[in-house]
Structure formats: C-alpha cells, structure tokens
K.L.:
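Here's a structure for you.
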Amino acid sequence: MTRYPAWIDGEQGSYGVSFPDLPGIVAMGTTVDEALLHAEEALRDYVIEAERDGEPITPPTSIEEIETPNGITLVSVPLIRLSGRSVRANLTLDEGVAAFIDGEARRRKMTRTAYVEWMARRIAQTGG
C-alpha cells in the first residue's frame with residue numbers, strides 16, 4: 001500500500017492536514033481522527049483527478065526524508081483506492097468481538113459491514 005507523508009497542525013477543535021509532496025492538497029477536521037479521515041479522502045480525490053486529467057501522480061517521499069517544522073506532527077496517510085465494487089468476505093469472529101462490533105456499529109448508526117470497513121481504514125491510517 002502506498003502511504004504519503006503528511007503534517008498535522010492545529011489545536012483542539014480545529015486540525016489541518018497537509019501533504020509535503022502535494023502542495024494544495026489539504027484536509028480539516030474538528031478532531032485529529034476526523035482530519036485524518038478527510039486527508040485520506042483528499043488524497044484519493046487527488047489521484048482520481050490526476051488520472052482523469054492524464055497527469056502523472058506524484059510519488060510519495062520516504063517519511064524518513066521529510067523535515068518537520070516545530071509544533072507539527074508527521075504522520076503517513078494511506079492511499080486507499082476504492083473500486084466501488086463489493087466483495088463478499090466470510091469472517092469467523094469470537095462472539096465477544098462480534099458483539100463489540102455490533103454495539104459500536106449501532107452506537108455510530110452504521111451497519112456492521114460499514115463499521116468493519118471503517119475500522120480497517122482507521123487501522124491503515126495509523127500504520128497498522
């Protein structure tokens with residue numbers, strides 16, 4: 001999976017994410033988690049637009065090569081290309097884990113499938 005280095009800046013209630021390799025591609029959120037989700041979407045939109053316009057996609061710089069200004073947090077954001085096609089994935093889970101997933105999905109007003117997909121994207125964002 002391709003990951004792009006990104007900077008997070010801001011304070012409680014207002015966070016921004018920018019990509020050193022992609023000037024002008026930014027995302028905002030009221031929490032760090034929300035800003036990172038929006039950053040993933042902004043990165044995906046950049047790639048879709050570049051491909052549609054026949055422009056080359058800027059490759060990511062290695063995160064070790066990025067200089068980070070003081071007060072800024074360096075993270076990496078995964079490029080998750082959505083195909084729009086669903087695939088069936090038969091999973092067997094521990095009963096307690098399934099109950100947790102169902103409870104969290106209900107709390108967030110999501111389906112079980114949407115919650116599992118959301119969790120996988122979140123784990124990818126943290127480098128998991």
Side-chain angles (χ1 to χ4, degrees):
M1 174 186 308
T2 303
R3 300 183 74 84
Y4 280 78
W7 291 318
I8 300 175
D9 188 18
E11 55 190 45
Q12 188 171 4
S14 179
Y15 295 95
V17 178
S18 60
F19 296 90
D21 293 322
L22 307 170
I25 308 299
V26 298
M28 303 294 288
T30 57
T31 65
V32 170
D33 290 341
E34 183 180 76
L36 285 170
L37 281 174
H38 292 167
E40 178 198 321
E41 293 167 1
L43 180 58
R44 185 172 38 255
D45 289 346
Y46 155 73
V47 169
I48 289 168
E49 295 291 323
E51 288 176 341
R52 188 190 72 210
D53 295 343
E55 296 176 5
I57 297 169
T58 303
T61 300
S62 168
I63 200 163
E64 292 83 10
E65 297 175 37
I66 300 294
E67 291 186 30
T68 304
N70 288 336
I72 305 291
T73 302
L74 178 63
V75 297
S76 66
V77 175
L79 173 58
I80 301 176
R81 294 175 176 252
L82 301 178
S83 70
R85 294 184 316 267
S86 295
V87 296
R88 179 172 285 288
N90 186 16
L91 302 172
T92 302
L93 304 171
D94 179 88
E95 182 179 17
V97 172
F100 169 79
I101 290 170
D102 289 344
E104 284 297 300
R106 275 192 305 279
R107 184 174 73 81
R108 297 171 186 271
K109 297 180 174 58
M110 301 169 87
T111 64
R112 178 189 288 171
T113 299
Y115 181 73
V116 169
E117 183 176 312
W118 176 80
M119 276 194 327
R121 290 172 62 191
R122 293 299 312 270
I123 290 168
Q125 289 170 347
T126 61

K.L.:
Quick check: closest heavy atoms across Phe19 and Pro5, and the distance to 0.1 Å?
P.N.:
CD2-O, 3.5 Å
K.L.:
Could you give the distance from OH (Tyr15) to CG (Asp33), rounded to the nearest 0.5 Å?
P.N.:
10.0 Å
K.L.:
Considering only residues two or more places apart or on different chains, which pairs with a residue in residues 9-22 satisfy salt bridge (charged side-chain N to carboxylate O under 4.0 Å, His left out)?
P.N.:
none
K.L.:
Taking only residues at least two apart or on different chains, which pairs with a member in residues 77-102 satisfy ring-ring contact (aromatic ring centres under 6.0 Å, His included)?
P.N.:
none
K.L.:
Show me the pairs that pass salt bridge (charged side-chain N to carboxylate O under 4.0 Å, His left out) and involve residues 95-105, at least two apart or across chains.
P.N.:
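For residues 95-105, and leaving out neighbouring residues, the salt bridge (charged side-chain N to carboxylate O under 4.0 Å, His left out) pairs sorted by first residue read Asp102-Arg112, Glu104-Arg107, Glu104-Arg108.
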K.L.:
Go through the structure and list residues passing side-chain hydrogen bond (donor to acceptor under 3.5 Å, both in side chains) with Glu51, not counting sequence neighbours.
P.N.:
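Partners of Glu51 under the side-chain hydrogen bond (donor to acceptor under 3.5 Å, both in side chains) test: Arg81.
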K.L.:
Determine the minimum heavy-atom distance between Ala105 and Thr111, stating which atoms define it.
P.N.:
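Closest approach of Ala105 to Thr111, heavy atoms only: CB-O, 3.8 Å.
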K.L.:
Mind checking the CD-CZ spacing from Glu41 to Arg121? Nearest 0.5 Å is all I need.
P.N.:
6.0 Å
K.L.:
Looking at Met110 and Ala114, what are the two nearest heavy atoms and their distance?
P.N.:
CE-O, 3.6 Å
K.L.:
Please identify each residue that fulfils ring pair (Phe, Tyr, Trp, His ring centres under 6.0 Å) with Tyr115, with sequence neighbours left out.
P.N.:
Trp118
K.L.:
Using a side-chain heavy atom cutoff under 4.5 Å and only I, L, V, M, F, W and Y, what cluster partners does Leu74 have?
P.N.:
Trp7, Ile63, Ile66, Ile72
K.L.:
Is there any ring-ring contact (aromatic ring centres under 6.0 Å, His included) pair reaching into residues 45-76, and which pairs are they, with sequence neighbours excluded?
P.N.:
none
K.L.:
Taking transitive links into account, so neighbours of neighbours count too, which hydrophobic residues share a cluster with Ile48 at under 4.5 Å side-chain distance?
P.N.:
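Traced through the cluster, Ile48 reaches no other member.
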K.L.:
Return the set of residues passing side-chain hydrogen bond (donor to acceptor under 3.5 Å, both in side chains) with Arg44 (not counting sequence neighbours), or none when no residue passes.
P.N.:
Glu40
K.L.:
Nearest 0.5 Å, what's the CG-CG distance between Leu43 and Leu22?
P.N.:
6.5 Å
K.L.:
Show me the donor-acceptor pairs, under 3.5 Å and distance only, between side chains in residues 23-32 and residues at least two apart or in other chains.
P.N.:
residue, atom, partner, partner atom, Å
Thr30, OG1, Glu34, OE1, 3.1
Thr31, OG1, Glu34, N, 3.0

K.L.:
With Glu65, which residues qualify under side-chain hydrogen bond (donor to acceptor under 3.5 Å, both in side chains), at least two apart?
P.N.:
none
K.L.:
The criterion is side-chain hydrogen bond (donor to acceptor under 3.5 Å, both in side chains); which residues satisfy it with Ser86, sequence neighbours excluded?
P.N.:
none
K.L.:
To the nearest 0.5 Å, what is the distance between CZ on Arg52 and CG on Asp45?
P.N.:
10.5 Å
